[in-house]
2 protein chains.
Amino acid sequence: MSDDPTVQAWRRLLAQHAAATCALDRELGDLHGLSVSEFEVLERLVEAPEKLRIQELASEIHLSQSATTRVVARLEKDGLLCRTMCDMDRRGVYACISDDGRARYAEARPTQRRVLGEQLDGAPAAV
Amino acid sequence: MSDDPTVQAWRRLLAQHAAATCALDRELGDLHGLSVSEFEVLERLVEAPEKLRIQELASEIHLSQSATTRVVARLEKDGLLCRTMCDMDRRGVYACISDDGRARYAEARPTQRRVLGEQLDGAPAAV
DNA sequence: ACCAAGCTTATGCATCTGCATATACTTCTC
DNA sequence: GAGAAGTATATGCAGATGCATAAGCTTGGT
């Protein structure tokens, strides 16, 4: 039923996610040439003390391992991060933000914060 | 920063959405042959007093108009709903649930409710 | 009544995603 | 230390989605 509290929470979740993701995709894309996933990757790399492995990134941004590989490949092609082999475990790959990546992130962050504020603040709380 | 409450809310939103959507997609797909979007469409049609137009569905399920057209086309091909022209406005198309659609929804609903309970109940509240 | 403008759905196209699998490396067992 | 099993990333492929646009219908101004 629609009055099941769990279902209500689920619909709020879907509505908030759709609104925020849609607005972010438009604004980050138009203003900074970044998708939501790409922004999230840059943010994690900026916050990380060092560099992150593909797998750590994948679980941070809630993307499959293969999708994460591809986001990282796109960002590397754009020069926003670099991939390096992991010496300890040569199967592993590190992603490390570049100066251009840092700059792009610094430029995009206020936009993301503004859009999040518009979309999430004042929205009804979930669960 | 990670301690910005709005950013925290955003990350909770992403995490909950990813977990719930992923679990639902797997269980609804494996057990009932439905995607999350397809289930949501059926649910709206079951709840609707009559039938719904494509556009109304689109805004209900937070999908673009074109994606909604395609979900409805898939469900019609599977015999779970039928499309009929709208007499008042012959541009419009109504989607109306079929008996098979009602049955599939009735079968899938407990699964969806169970998964939502597992994924959302007890999760930290947002915003 | 006609024509322009607007609205509703359908479709071409590019992109992103996940699953399954391939490849390369590591670890465990013997 | 060789082989089996397990792990990390990359890639082929199919499917879902959004944007731009097409096609058909309606409405309003004249």
Side-chain angles (χ1 to χ4, degrees), chain A residues 14 17-30 33-42 45 51-78 81-96, chain B residues 14 17-30 33-42 45 51-78 81-96:
Chain A
L14 285 177
H17 181 268
T21 296
C22 180
L24 279 176
D25 242 322
R26 194 160 8 84
E27 304 239 13
L28 288 178
D30 288 354
L34 290 173
S35 72
V36 174
S37 298
E38 288 162 355
F39 179 88
E40 294 291 327
V41 167
L42 293 184
L45 291 179
K51 45 210 176 186
L52 289 175
R53 291 180 61 149
I54 299 290
Q55 223 175 14
E56 298 174 296
L57 266 175
S59 82
E60 284 282 338
I61 64 180
H62 312 291
L63 229 50
S64 71
Q65 174 266 313
S66 62
T68 305
T69 290
R70 284 166 168 131
V71 181
V72 168
R74 288 199 295 276
L75 289 170
E76 186 184 39
K77 191 158 61 60
D78 290 350
L81 60 76
C82 50
R83 274 191 287 202
T84 62
M85 296 307 282
C86 172
D87 285 335
M88 297 295 99
D89 180 348
R90 292 175 48 201
R91 295 167 302 184
V93 172
Y94 282 130
C96 179
Chain B
L14 285 177
H17 181 267
T21 297
C22 181
L24 279 175
D25 242 321
R26 194 161 8 85
E27 304 240 12
L28 288 177
D30 288 354
L34 290 174
S35 71
V36 175
S37 297
E38 288 162 357
F39 179 90
E40 293 291 326
V41 167
L42 293 183
L45 290 179
K51 46 208 175 184
L52 290 176
R53 292 180 62 151
I54 300 290
Q55 223 176 15
E56 297 175 295
L57 267 175
S59 81
E60 283 282 336
I61 64 180
H62 311 292
L63 228 51
S64 70
Q65 173 266 312
S66 62
T68 304
T69 290
R70 283 166 168 132
V71 181
V72 168
R74 288 200 295 276
L75 289 170
E76 186 183 40
K77 190 156 62 64
D78 291 349
L81 61 76
C82 51
R83 273 191 287 201
T84 61
M85 295 308 282
C86 172
D87 285 335
M88 295 298 98
D89 180 347
R90 291 174 50 200
R91 293 167 301 184
V93 171
Y94 282 129
C96 180

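A, B, ... follow the sequence lines: proteins, then strands. Residue 1 opens every chain.
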Can you tell me how far [atom2] of [N] sits from [atom1] of [X], to the nearest Å?
{"X": "B:Leu24", "N": "C:dG18", "atom1": "CG", "atom2": "C1'", "value": "16 Å"}
{"X": "A:His62", "N": "C:dT17", "atom1": "NE2", "atom2": "P", "value": "14 Å"}
{"X": "B:Asp30", "N": "C:dC19", "atom1": "CG", "atom2": "P", "value": "10 Å"}
{"X": "B:Leu52", "N": "C:dT9", "atom1": "CG", "atom2": "P", "value": "11 Å"}
{"X": "A:Leu57", "N": "C:dT17", "atom1": "CG", "atom2": "P", "value": "13 Å"}
{"X": "B:Arg70", "N": "C:dT11", "atom1": "CZ", "atom2": "P", "value": "8 Å"}
{"X": "A:Asp25", "N": "C:dC16", "atom1": "CG", "atom2": "C1'", "value": "10 Å"}
{"X": "B:Ile54", "N": "C:dC7", "atom1": "CD1", "atom2": "C1'", "value": "15 Å"}

Could you list all N or O pairs between the protein and nucleotides 20-27 of chain C that sit under 3.5 Å apart?
from, atom 1, to, atom 2, distance (Å)
C:dT26, OP1, A:Arg90, N, 3.4

- Query: Looking at B:Leu57, B:Val41, B:Val93, which one forms a side chain to side chain contact (heavy atoms under 4.5 Å, CB included) with B:Leu52?
  - Reply: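 Checked B:Leu57, B:Val41, B:Val93 against B:Leu52; only one passes side chain to side chain contact (heavy atoms under 4.5 Å, CB included): B:Leu57.
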Under 4.0 Å, heavy atoms only, any strand: does [X] hit a base, just the sugar-phosphate, or nothing?
{"X": "A:Thr68", "result": "nothing"}
{"X": "A:Arg53", "result": "sugar-phosphate"}
{"X": "A:Arg26", "result": "nothing"}

- So where does chain B start and stop touching DNA chain D, 5' to 3', when the test is distance under 4.0 Å to a non-hydrogen atom?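 From 5' to 3', the first and last contacting nucleotides are D:dA16 to D:dT26.
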Give the minimum heavy-atom separation between [X] and [Y], together with the two atoms involved.
{"X": "A:Ser64", "Y": "A:Ala58", "answer": "O-CB, 4.3 Å"}
{"X": "B:Thr69", "Y": "B:Arg83", "answer": "O-NH1, 4.2 Å"}
{"X": "A:Ser35", "Y": "A:Asp25", "answer": "CA-OD1, 3.9 Å"}
{"X": "A:Ile54", "Y": "A:Val72", "answer": "CD1-CG2, 3.9 Å"}
{"X": "B:Gly33", "Y": "B:Glu38", "answer": "O-OE1, 4.0 Å"}

- Out of curiosity, A:Thr84 OG1 to A:Arg53 CZ, how far, rounded to the nearest 0.5 Å? 10.5 Å
- Query: Mapping B:Gly92 and B:Ala67 to their closest nucleotides on DNA chain C, which lands nearer the 5' end?
  - Reply: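 Residue closer to the 5' terminus by nearest nucleotide: B:Gly92.
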- Does A:Arg74 make a side-chain N or O approach to OP1 or OP2 of C:dT17 shorter than 4.0 Å? yes
- Item | Evaluation steps, side chain to side chain donor-acceptor pair (under 3.5 Å), between A:Ser59 and A:Gln55 | CA-CA 6 Å; A:Ser59 82; A:Gln55 223 175 14; over 6 Å; no
- Query: How about A:Leu45 and A:Lys51: do any of their side-chain heavy atoms sit closer than 4.5 Å?
  - Reply: no
- Starting from the 5' end of DNA chain D, give me the residue, A:Glu56 or B:Ser64, whose nearest nucleotide shows up first.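 The 5'-side residue here is A:Glu56.
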